[in-house]
A.B. asks: 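Pasting a structure here, questions to come.
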Amino acid sequence: MRRIRNDLIDSFDEELEMEIEDRTVAELTGEDDALSPQEVLKDKEYRRQYFRELFRLQAELVKLQDWVVATGHKVVILFEGRDAAGKGGVIKRITQRLNPRVCRVAALPAPNDRERTQWYFQRYVSHLPAAGEIVLFDRSWYNRAGVERVMGFCTDEQYEEFFRTVPEFEKMLGRSGIQLIKYWFSISDEEQHLRFLGRIHDPLKQWKLSPMDLESRRRWEEYTKAKEIMLERTHIPEAPWWVVQAVDKKKARLNCIHHLLQQMPYQETEHPAIVLPERVRHEDYVRNPVPQDIVVPEIY
């Protein structure tokens with residue numbers, strides 16, 4: 001019950017932290033009568049530390065973004081892992097304070113009939129960054145090594161061709177000036193089970209559960225084997241895999257962002273001082289009133 005409680009609290013935190021602008025979280029940490037005073041204090045301090053470090057790292061991400069723009073660097077970050085492993089959570093925290101024109105997310109749906117006839121990597125290529133851009137792939141071309149393999153959506157020949165091609169494809173990205181960073185989010189069988197139960201009982205998260213997700217629970221061992229083969233055959237010096245221990249969501253987010261920041265030699269970029277210009281006023285200008293029938297009712 002305590003673990004379920006913690007998971008629910010984490011869900012609330014996910015929504016709260018997206019709205020925090022004053023960087024103060026003390027008033028957001030509520031108490032629970034089921035816990036001892038010592039446990040309540042411990043929880044409060046843990047969450048304070050988490051928010052404090054998250055905001056610090058996000059400030060560094062802004063500096064990284066400015067450096068990428070200034071230098072014309074090109075970055076691709078892949079986020080792979082089991083369903084409910086927390087990939088979406090860390091992507092939210094990375095992009096939360098960044099300019100969406102610089103840092104964008106590519107979360108491709110299942111391929112359509114036309115895309116299935118294309119070169120396998122073709123639909124991913126169109127999402128690659130130009131100079132001064134960062135692209136985060138929420139799942140990537142490694143679908144072929146994971147879900148497509150386990151669910152039988154590709155043939156054995158397509159599967160083997162993927163492993164022959166992907167190292168050369170990723171080396172080619174590197175030669176073109178694109179830095180590729182690959183993360184695998186690792187959670188335990190028990191933790192995935194708990195998170196799926198949380199989604200089932202949370203109306204705001206039920207949309208995250210697809211029939212494919214439910215099937216992945218039944219095929220846990222098959223996915224494990226596919227992951228092990230994938231890491232072994234695609235962990236290359238030019239594009240190594242990095243495994244994020246993600247049973248604790250908050251620690252996983254902080255560890256991943258901290259590691260990401262270490263992958264680039266970014267420096268703080270100097271910006272010219274911003275001066276707000278005076279508003280130009282004209283004596284003959286009169287603002288027209290807004291018709292009341294188009295004003296949104298102020299319910300709150």
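Source: prediction; values computed, not measured. As a basis for the values below, the full set of heavy atoms in this structure was taken, side chains included, without hydrogen atoms, waters or symmetry mates. Quick note: residue numbers are just sequence positions, from 1.
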A.B. asks: Tell me which one of R101, K74, R104 satisfies salt bridge (charged side-chain N to carboxylate O under 4.0 Å, His left out) with E133.
C.D. replies: R104
A.B. asks: For E60 versus L261, what's the shortest heavy-atom pair and its separation?
C.D. replies: CB-CD1, 3.6 Å
A.B. asks: Can you confirm whether or not the ring centre of Y183 sits under 6.0 Å from the ring centre of H259?
C.D. replies: yes
A.B. asks: Just by distance, with hydrogens left out, do Q58 and R93 show a side-chain donor and acceptor under 3.5 Å apart?
C.D. replies: no
A.B. asks: Can you name the nearest heavy-atom pair linking Q262 to H258, along with the distance?
C.D. replies: CG-O, 3.1 Å
A.B. asks: For S216, check side chain to side chain donor-acceptor pair (under 3.5 Å) against everything at least two apart and list the hits.
C.D. replies: D83
A.B. asks: Inspect the contact between D43 and R2 and indicate whether a charged nitrogen and a carboxylate oxygen are less than 4.0 angstrom apart.
C.D. replies: yes
A.B. asks: Can you find a pair of side-chain heavy atoms, one from N143 and one from F153, that are under 4.5 Å apart?
C.D. replies: no
A.B. asks: Please determine whether the number of non-hydrogen atoms from other residues, nucleotides or ligands lying under 6.0 Å from atom CD of Q267 exceeds 12.
C.D. replies: no
A.B. asks: With a 4.0 Å cut-off on N to O distance, would you call D66 and K63 a salt bridge?
C.D. replies: no
A.B. asks: Could you give all pairs that pass the ring-ring contact (aromatic ring centres under 6.0 Å, His included) test and reach residues 188-241, with sequence neighbours left out?
C.D. replies: Y142-W241
A.B. asks: Roughly how far apart are R123 CZ and W141 CH2, rounded to 0.5 Å?
C.D. replies: 12.0 Å
A.B. asks: Could you label the plane-to-plane angle of the F137 and Y124 rings as parallel, tilted or perpendicular, counting under 30° as parallel and over 60° as perpendicular?
C.D. replies: tilted
A.B. asks: Distance-only, no hydrogens or angles: does the R82 side chain make a donor-acceptor pair with backbone N or O of Q192 under 3.5 Å?
C.D. replies: no
A.B. asks: Roughly how far apart are D138 CG and E80 CD, rounded to 0.5 Å?
C.D. replies: 8.5 Å
A.B. asks: Can you tell me if NZ on K251 sees more than 12 non-hydrogen neighbours from other groups inside 6.0 Å?
C.D. replies: no
A.B. asks: ring-ring contact (aromatic ring centres under 6.0 Å, His included) between F163 and Y159: does it pass, once the steps are laid out?
C.D. replies: CA-CA 7 Å; F163 283 126; Y159 179 66; 4.9 Å; yes
A.B. asks: Has E238 got a side-chain atom pairing as donor or acceptor with E170's backbone, closer than 3.5 angstrom?
C.D. replies: no
